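Structure first, commentary second.
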Amino acid sequence: MTPGGSRLAVVTGATGYIGGRLVPRLLDAGFRVRVVVRNPDRLADVPWARRVEVVTGDLTEAATAEAASVDADVLYYLVHSMGGGKGDFEAREREIATTLADAAFAAGVGRIVYLGGLHPDGVPLSKHLRSRVEVGRILIASGVPSVVLQAGVVIGSGSTSFEMIRHLTEVLPYMPAPKWVRNFIQPIAVRDVLHYLIEAASVDASVNRTFDIGGPDVLRYGQMMNGYALEAGLRQRPIAALPVLTPWLASQWVNLVTPIPRSLAVPIIESLQVDCVVREHDVDTVIPPPAEGLTGYRRAVRLALQRERDGEVETSWRDSAVEGAPSDPLPSDPDWAGTLVYTDVRERRTAAAPADLWKVIEGVGGKNGWYSFPLAWAVRGWMDWLVGGVGLRRGRRDAGTLNTGDALDFWRVERLERGRLLRLRAEMRLPGRAWLEMTAEPTDDGGSIYRQRAVYFPKGLTGRLYWWAVWPFHGVIFAGMTNRITEAALGPRSERKTA
């Protein structure tokens with residue numbers, strides 16, 4: 001019998017970095033899987049989407065938690081908002097944990113598995129670490145046997161911690177750094193985290209406690225950066241620890257030299273203010289290490305770099321929802337009646353085949369650019385970054401292919417009809433809500449029609465003033481996009497001349 005043996009595993013946070021990797025591995029291990037998501041469209045292009053049961057809803061609502069828990073053998077609690085900076089963040093985390101724990105107990109769930117944060121005892125913790133500790137306590141006290149795995153820095157392709165180390169090391173030949181670069185950290189490879197999560201489902205029902213997990217190496221943060229440099233073929237960086245760099249200043253520094261936005265950088269940096277190492281190895285008594293042994297830090301970096309070179313990044317920090325960004329989909333046109341909406345609509349015929357036009361549309365953004373007035377796009381990205389937005393540096397996960405839910409610079413892929421329609425929802429800081437649509441339609445002569453529509457719902461007077469302030473640039477930016485995208489679909493000029 002396979003390890004899952006037809007048991008039902010419920011995964012919350014299935015669209016996140018860890019959850020998105022755990023689901024297919026649970027399926028391969030023989031589990032039946034149910035996922036809980038707020039927006040099922042995020043799963044539209046996920047390879048395993050048709051193999052799982054989907055519960056749609058918000059875990060703060062008892063009805064969603066109850067529907068998720070029915071007949072579940074094991075429930076994976078992977079919900080944690082790294083960017084939770086607005087409102088009472090800790091109260092919301094407490095509410096979700098309590099609601100889900102109560103529903104799991106009432107439904108007779110056999111096991112809860114939670115991925116928390118590695119932390120020392122007896123010292124003040126950041127609000128994010130403090131919240132993770134409290135969530136663990138709530139689950140352990142729930143009446144459902146719970147395994148709380150406490151991990152520190154997770155190293156894998158696309159992880160926030162790995163990307164932060166990578167960009168800091170690659171961008172800066174000399175590293176002025178906060179004093180926490182001398183703190184000790186016990187990183188763990190994402191593959192080992194997944195090993196512990198899957199095996200925790202089979203732990204005896206008498207076990208109800210926390211376990212520290214970590215890789216075989218205990219390093220200073222500065223050593224981790226130079227370990228990355230060696231694996232990436234770079235010279236090691238001299239590092240100077242400066243006591244004047246507070247966590248807030250350090251987060252601004254990280255936001256300046258890496259694509260990691262402040263909303264993600266702050267909780268990571270706050271957690272690095274203390275030593276985060278494994279204090280006990282009791283997990284070895286209930287979950288044996290992987291057959292090949294735990295993955296060392298340098299090997300984890302090597303594997304992550306290879307995954308990125310091969311374009312095989314399964315999940316990424318870019319997929320994380322942006323705190324405060326609009327998440328509602330574009331209303332259908334009839335629903336606009338009586339609502340102030342600004343639009344910019346462009347259309348152009350081209351001799352390019354629809355497939356060639358679509359290839360250009362799906363390739364927009366990131367290193368490929370936006371086919372119009374690069375300086376204007378760069379300035380808009382910097383403006384967004386200055387006010388705490390994600391800016392343009394988030395890029396895209398794959399250079400040629402998009403999936404529903406993917407981040408794309410300061411946009412999010414809201415709807416994708418491959419070969420025909422791409423709709424992007426703005427996640428930049430705006431006094432309103434905005435979308436950008438691009439479509440490719442075939443014509444009778446084998447060519448195609450490119451249609452482009454920008455839609456903006458202003459919020460208050462500020463939103464109206466914003467639209468009219470940028471309106472003069474639309475003629476340059478949007479018209480330029482229309483012209484250059486259709487030209488690019490025809491191929492290089494040398495090929496067009498030959499044809």
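Here, residue 1 is the first one in the sequence, and each next residue gets the next number. If you're wondering where the values come from, they're calculated on a predicted model, not measured in any experiment.
Considering all non-hydrogen atoms of both residues, Asp282 and Thr285 come closest at O-OG1, 2.6 Å. Across Val154 and Ser161, no two heavy atoms sit closer than the pair O-CB, 3.7 Å. The two residues Gly13 and Val79 have their closest heavy-atom pair at N-CG2, 4.0 Å. The nearest pair of heavy atoms linking Leu422 to Leu416 is CD1-CD1, 3.9 Å. Contact between Arg418 and Leu402 at its shortest, heavy atoms only, is NH2-O, 3.0 Å. Scanning both residues, Ala201 and Phe31, for their nearest heavy atoms gives CB-CZ, 3.9 Å.
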**Report entry** Verdict with reasoning, Arg130 to Glu90, per salt bridge (charged side-chain N to carboxylate O under 4.0 Å, His left out)
**Finding:** CA-CA 8 Å; Arg130 190 168 63 233; Glu90 292 177 276; 2.8 Å; yes
Requested in this report: Please test Val33 against Arg51 for side chain to side chain contact (heavy atoms under 4.5 Å, CB included), starting from the C-alpha separation and ending with a verdict.
Outcome: CA-CA 8 Å; Val33 178; Arg51 300 172 62 194; over 6 Å; no
Query raised in the report: Passes salt bridge (charged side-chain N to carboxylate O under 4.0 Å, His left out), Arg92 versus Glu95? Steps please.
Result: CA-CA 5 Å; Arg92 175 176 170 80; Glu95 178 187 6; 5.5 Å; no
**Report entry** Evaluation steps, side chain to side chain contact (heavy atoms under 4.5 Å, CB included), between Asn403 and Arg397
**Finding:** CA-CA 10 Å; Asn403 290 316; Arg397 183 168 51 183; 4.1 Å; yes
Report task. Quick one: do Glu314 and Tyr17 satisfy side chain to side chain contact (heavy atoms under 4.5 Å, CB included)? Show the steps, please. Result -> CA-CA 8 Å; Glu314 292 180 68; Tyr17 180 75; over 6 Å; no
Report task. Show the numbers, then the answer: is there a side chain to side chain contact (heavy atoms under 4.5 Å, CB included) between Arg191 and Leu303? Result -> CA-CA 10 Å; Arg191 58 175 50 202; Leu303 291 168; 3.6 Å; yes
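Atom CZ of Arg137 is surrounded by 12 or fewer heavy atoms from other residues, nucleotides or ligands within 6.0 Å. Heavy atoms of other residues, nucleotides or ligands lying less than 6.0 angstrom from CZ of Arg50 number 12 at most. For CG of Asp284, the number of neighbouring non-hydrogen atoms (other residues, nucleotides, ligands) closer than 6.0 Å is greater than 12.
Contact annotation: the side chain of Arg235 approaches that of Arg237 to within less than 4.5 Å [non-hydrogen atoms, C-beta and beyond]. Taking the side chain as every heavy atom from C-beta outward, Pro120 and Leu125 approach each other to under 4.5 Å. Put simply, the side chain of Glu362 reaches to within 4.5 Å of the side chain of Thr401, judged on heavy atoms. Looking at Ile213 and Val278, their side chains never come closer than 4.5 Å, going by heavy atoms from C-beta outward. Tyr76 has its side chain out of reach of Ile18: every pair of non-hydrogen atoms, C-beta onward, lies at least 4.5 Å apart. Considering only heavy atoms from C-beta on, Tyr228 comes within 4.5 Å of Tyr297 through its side chain. Annotation: side chain of Arg7 is not in contact with side chain of Val74 (no heavy-atom distance under 4.5 Å). Side-chain contact between Val203 and Ile287 is present, with at least one heavy-atom pair separated by less than 4.5 Å.
Here the CD-NZ distance, from Glu93 to Lys127, works out to 10.0 Å after rounding to the nearest 0.5 Å. Here Leu436 contributes atom CG and Arg423 contributes atom CZ; the two are 11.0 Å apart, rounded to the nearest 0.5 Å. Considering CZ of Arg32 and CG of Leu27, their distance stands at 11.5 Å, rounded to 0.5 Å. Between atom CG of residue Leu219 and atom CZ of residue Arg298 there is a gap of 10.0 Å, rounded to the nearest 0.5 Å. Annotation: the span from Cys276 atom SG to Tyr221 atom OH amounts to 12.0 Å, rounded to 0.5 Å.
Looking at Glu417 and Arg415, a side-chain N of the basic residue comes within less than 4.0 Å of a carboxylate O on the acidic one, giving a salt bridge. Of the charged side-chain nitrogens involved, none lies within less than 4.0 Å of a carboxylate oxygen, so that Arg34 and Asp71 do not count as a salt-bridged pair.
Using modelled atom types and a 3.5 Å distance limit, the side chains of Asp45 and Thr404 yield a donor-acceptor pair.
Among Val135, Leu59, Val113, the one residue that satisfies the side chain to side chain contact (heavy atoms under 4.5 Å, CB included) test with Tyr77 is Val135.
A donor-acceptor distance shorter than 3.5 angstrom exists from the side chain of His119 to the backbone of Gly117, with no hydrogens or angles considered.
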